[in-house]
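Encoded as structure tokens, the structure appears first; notes follow it.
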Amino acid sequence: METNFESRIDFSQLSEKVMLLRERMAKVIVGQKEVVDLLLTALLADGHVLVEGVPGVAKTLMAKVLARLIDARFSRLQFTPDLMPSDVIGTSVFLPSAGKFEFRKGPVFTNILLADEINRSPAKTQAALFEVMEERQITCDGLEYKMEFPFIVVATQNPVEHEGTYRLPEAQLDRFMFKILVDYPEREDEIAVLNLHHEGIIQQWTEEKPVLSVTELAALREKIKEVRVDDKIKSFIVDIIRTTRNSGWLYLGASPRASIAVMNGAKVYAAVQGRDFVVPEDVLYLAPAVLRHRVQLSAEKELEGLVADQVIAQLMAKVEIPR
């Protein structure tokens with residue numbers, strides 16, 4: 001491997017921007033470093049994210065702060081059982097004065113879409129997001145409408161309350177690059193949260209100035225494309241993904257889209273560290289977030305009380321790490 005070589009590409013601007021984004025988000029999102037890192041990785045890798053956590057752990061606030069720090073358009077869509085596909089993508093309206101139909105764009109036509117409590121809408125509404133999440137376009141009445149750059153869906157869901165919720169279709173889950181788990185904060189972090197609210201600092205996030213423009217984001221993404229991925233690393237990624245398909249512990253394994261997500265995420269993570277090449281540690285760090293929503297445990301493993309992350313860790317441990 002090439003881990004001893006110095007980077008031949010200058011990623012100092014990328015590192016500075018990511019550090020600044022981290023610092024600004026940390027003012028409001030306390031004690032969630034890994035969550036913030038994965039959000040920023042998905043942003044730079046052009047990937048959608050599913051954020052899961054119990055109520056009150058700032059899932060929605062994370063998406064709003066991220067959108068605030070990027071000079072881009074933001075829409076929030078509250079998913080409910082009666083939400084219709086036309087409420088998401090828009091609909092054609094007849095104009096009597098013009099004697100024709102006009103397409104009125106829905107809230108999905110934005111740069112960062114917050115799909116709040118996404119699992120509260122039925123499959124018909126979920127299907128409205130299939131095309132736009134994968135192809136960055138909407139088809140309505142036979143006409144295609146392209147999304148502007150960038151387009152990222154940040155969806156939230158509550159893992160404990162199941163009344164009035166619907167299981168997300170596998171086809172939609174597979175379109176999310178990462179599933180990010182947000183846990184309760186540590187004791188010291190929760191005290192810091194109380195101080196932010198007590199002193200009224202928490203509300204000041206709405207006054208934050210953007211630190212990254214759309215043009216800068218596009219330039220950073222082009223820079224990340226130059227990160228090298230050795231053939232051994234590609235084989236390592238594929239071997240990890242294939243273990244999920246050949247394991248009796250899992251009812252459903254990960255698709256090739258998962259392999260692409262790991263590789264693209266690893267390239268971003270390497271660039272943020274100032275490297276122009278991916279190392280196995282980048283893959284190992286990101287793989288759980290890529291896989292946990294794409295695999296399904298067998299009935300036996302579920303009865304044993306295991307969760308996806310535990311099985312993923314055991315399967316990854318069986319794959320030889322290239323050196």
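This one's a predicted model, so the numbers in the text were calculated from it and none came from an experiment.
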Check: Which word best sums up how the rings of Phe103 and Phe109 line up, parallel for under 30°, tilted for 30 to 60°, or perpendicular for over 60°?
Finding: perpendicular

Next item on the list: For the residue pair Leu43 and Ile70, establish whether any side-chain heavy-atom pair is separated by less than 4.5 Å.
Entry: yes

Margin query: For the CD atom of Glu52 and the CG atom of Asn119, what is their distance to the nearest 0.5 Å?
Written below: 8.0 Å

Check: Salt bridge or not for Lys225 and Glu222, using N-O below 4.0 Å?
Finding: yes

Item checked: Atom CD of Glu135 with >12 non-hydrogen neighbours under 6.0 angstrom -> yes

Notebook entry, point to check: Would Val229 and Val268 show up in the same hydrophobic cluster when neighbours are defined by side-chain heavy atoms closer than 4.5 Å?
Noted result: yes

Note to self: Other residues, nucleotides and ligands only: do more than 12 of their heavy atoms fall within 6.0 Å of CD on Glu320?
What the structure shows: no

Margin query: Any heavy-atom pair between the side chains of Leu50 and Ile118 that's under 4.5 Å?
Written below: yes

Check: Ion pair present between Glu134 and Arg257, side-chain N to carboxylate O less than 4.0 angstrom?
Finding: yes

Check: Are a donor atom and an acceptor atom from the side chains of Gln157 and Glu117 found within less than 3.5 Å of each other?
Finding: no

Margin query: Minimum heavy-atom separation for Ile241 and Ser255, please, with both atom names.
Written below: CG2-O, 3.9 Å

Margin query: Could you check whether any side-chain heavy atom of Leu291 comes within less than 4.5 Å of a side-chain heavy atom of Asp309, counting everything from C-beta outward?
Written below: no

Notebook entry, point to check: Counting N and O atoms only, with roles assigned by atom type, does the side chain of Gln126 sit under 3.5 Å from a partner on the main chain of Leu168, one being a donor and the other an acceptor?
Noted result: no

Note to self: For Glu186, is the CD atom crowded, meaning more than 12 foreign heavy atoms sit under 6.0 Å from it?
What the structure shows: no

Item checked: Beyond-backbone contact of His197 with Asn195, side-chain heavy atoms, under 4.5 angstrom -> no

Next item on the list: Report the C-alpha separation of Leu143 and Thr139 in whole Å, then their side-chain angles, then the decisive distance to 0.1 Å, and conclude whether the side chain to side chain contact (heavy atoms under 4.5 Å, CB included) test is met.
Entry: CA-CA 5 Å; Leu143 298 176; Thr139 302; over 6 Å; no

Note to self: Does this structure show an ion pair linking Asp37 with Lys33, if we count only N-O contacts that are shorter than 4.0 Å?
What the structure shows: yes

Note to self: Taking the cut-offs as 6.0 angstrom to the six-membered ring centre and 45 degrees off its axis, would you call Arg175 and Phe130 a cation-pi pair?
What the structure shows: yes

Note to self: Rounded to the nearest 0.5 Å, what separates atom CG in Leu14 from atom NZ in Lys223?
What the structure shows: 9.5 Å

Note to self: For Ser213 and Asp71, which I'm curious about, is there any donor-acceptor pair between the side chains at under 3.5 Å?
What the structure shows: no

Next item on the list: Check whether any side-chain N or O of Asp87 sits under 3.5 Å from a backbone N or O of Met84 as a donor-acceptor pair, and report yes or no.
Entry: yes

Margin query: Looking at Asn158 and Val54, would you say the former's side chain and the latter's main chain have a donor-acceptor pair under 3.5 Å?
Written below: no

Margin query: Donor-acceptor pair, distance only, cut-off 3.5 Å: does the side chain of His48 make one with the backbone of Val153?
Written below: yes

Checklist line | Nearest heavy atoms of Val211 and Lys17, plus distance in Å | finding: O-NZ, 2.9 Å

Next item on the list: Specify the closest pair of heavy atoms between Phe178 and Val290, including all atoms of both residues, with the distance to one decimal.
Entry: CE2-CG2, 3.5 Å

Next item on the list: Locate the shortest heavy-atom distance separating Ala271 from Ile224; write the atom from each residue and the value.
Entry: CB-CG1, 4.1 Å

Check: Applying the 4.5 Å side-chain criterion to the ILVMFWY set and letting contacts propagate, would Phe74 and Leu113 be lumped into a single cluster?
Finding: no

Check: OG1 of Thr243 to CD1 of Ile240: how many Å apart, nearest 0.5 Å?
Finding: 7.0 Å

Check: Side chains of Gln296 and Glu170: do they bring a donor and an acceptor to under 3.5 Å?
Finding: yes

Notebook entry, point to check: Do Val295 and Tyr251 come close enough that some side-chain heavy atom pair is under 4.5 Å?
Noted result: no

Next item on the list: Please confirm whether the backbone N or O of Leu83 pairs with a side-chain atom of Thr125, one donor and one acceptor, at under 3.5 Å?
Entry: yes

Notebook entry, point to check: Out of curiosity, Tyr269 OH to Asp282 CG, how far, rounded to the nearest 0.5 Å?
Noted result: 7.0 Å

Notebook entry, point to check: Is the closest side-chain heavy-atom distance between Leu114 and Lys64 below 4.5 Å?
Noted result: yes

Notebook entry, point to check: Could you go step by step and tell me if Thr60 and Asp116 meet the side-chain hydrogen bond (donor to acceptor under 3.5 Å, both in side chains) rule?
Noted result: CA-CA 7 Å; Thr60 301; Asp116 216 5; 3.0 Å; yes

Notebook entry, point to check: What is the distance from atom OG of Ser247 to atom NZ of Lys318, rounded to the nearest 0.5 Å?
Noted result: 6.0 Å

Note to self: Does this structure show an ion pair linking Arg24 with Glu208, if we count only N-O contacts that are shorter than 4.0 Å?
What the structure shows: yes

Check: For the residue pair Asp46 and Arg221, what are the closest heavy atoms and their distance?
Finding: OD1-NH1, 3.1 Å

Notebook entry, point to check: Say you draw a straight line from CZ of Arg120 to OH of Tyr166; how long is it, rounded to the nearest 0.5 Å?
Noted result: 10.0 Å

Next item on the list: State, with a plain yes or no, whether a side-chain heavy atom of Phe236 is found less than 4.5 Å away from one of Ile321.
Entry: yes

Item checked: Pair Arg73 + Glu148, salt bridge at N-O below 4.0 Å -> yes

Next item on the list: Identify whether Leu38 and Tyr184 are in the same connected component of the hydrophobic contact network (ILVMFWY, side-chain heavy atoms under 4.5 Å).
Entry: yes

Check: Is a side-chain N or O of Asp230 found less than 3.5 angstrom from the main chain of Lys232, in a donor-acceptor match?
Finding: yes

Next item on the list: Apply side chain to side chain contact (heavy atoms under 4.5 Å, CB included) to Leu129 and Val108, showing your working.
Entry: CA-CA 9 Å; Leu129 290 172; Val108 76; 4.3 Å; yes

Check: Which residue pairs pass the salt bridge (charged side-chain N to carboxylate O under 4.0 Å, His left out) test when at least one of the two sits in residues 103-115, sequence neighbours left out?
Finding: Glu102-Arg104

Check: Shortest non-hydrogen contact from Ala308 to Arg292?
Finding: CB-O, 3.8 Å

Item checked: Co-membership, hydrophobic cluster, residues Val214 and Leu39, 4.5 Å side-chain -> yes

Checklist line | CA sep, side-chain torsions, deciding dist, call: Val132, Ile89, side chain to side chain contact (heavy atoms under 4.5 Å, CB included) | finding: CA-CA 9 Å; Val132 70; Ile89 65 174; 5.7 Å; no

Check: Does CZ belonging to Phe149 count more than 12 external heavy atoms closer than 6.0 Å?
Finding: yes

Notebook entry, point to check: Quick one: do Glu144 and Arg136 make a salt bridge, cutoff under 4.0 Å?
Noted result: no

Note to self: Would you say Ile152 ends up clustered with Leu220 if hydrophobic residues are merged whenever their side chains have heavy atoms under 4.5 Å apart, either directly or through other cluster members?
What the structure shows: yes

Notebook entry, point to check: So, do Ile312 and Thr244 sit near enough that their side-chain heavy atoms are less than 4.5 Å apart?
Noted result: no

Margin query: Let's go through Leu44 and Leu217 carefully: what are the C-alpha distance in whole Å and the side-chain angles of both, what is the deciding distance for side chain to side chain contact (heavy atoms under 4.5 Å, CB included) to 0.1 Å, and is it a yes or a no?
Written below: CA-CA 7 Å; Leu44 291 167; Leu217 178 59; 3.8 Å; yes

Notebook entry, point to check: Is atom CZ of Arg242 surrounded by more than 12 heavy atoms (other residues, nucleotides or ligands) closer than 6.0 Å?
Noted result: no

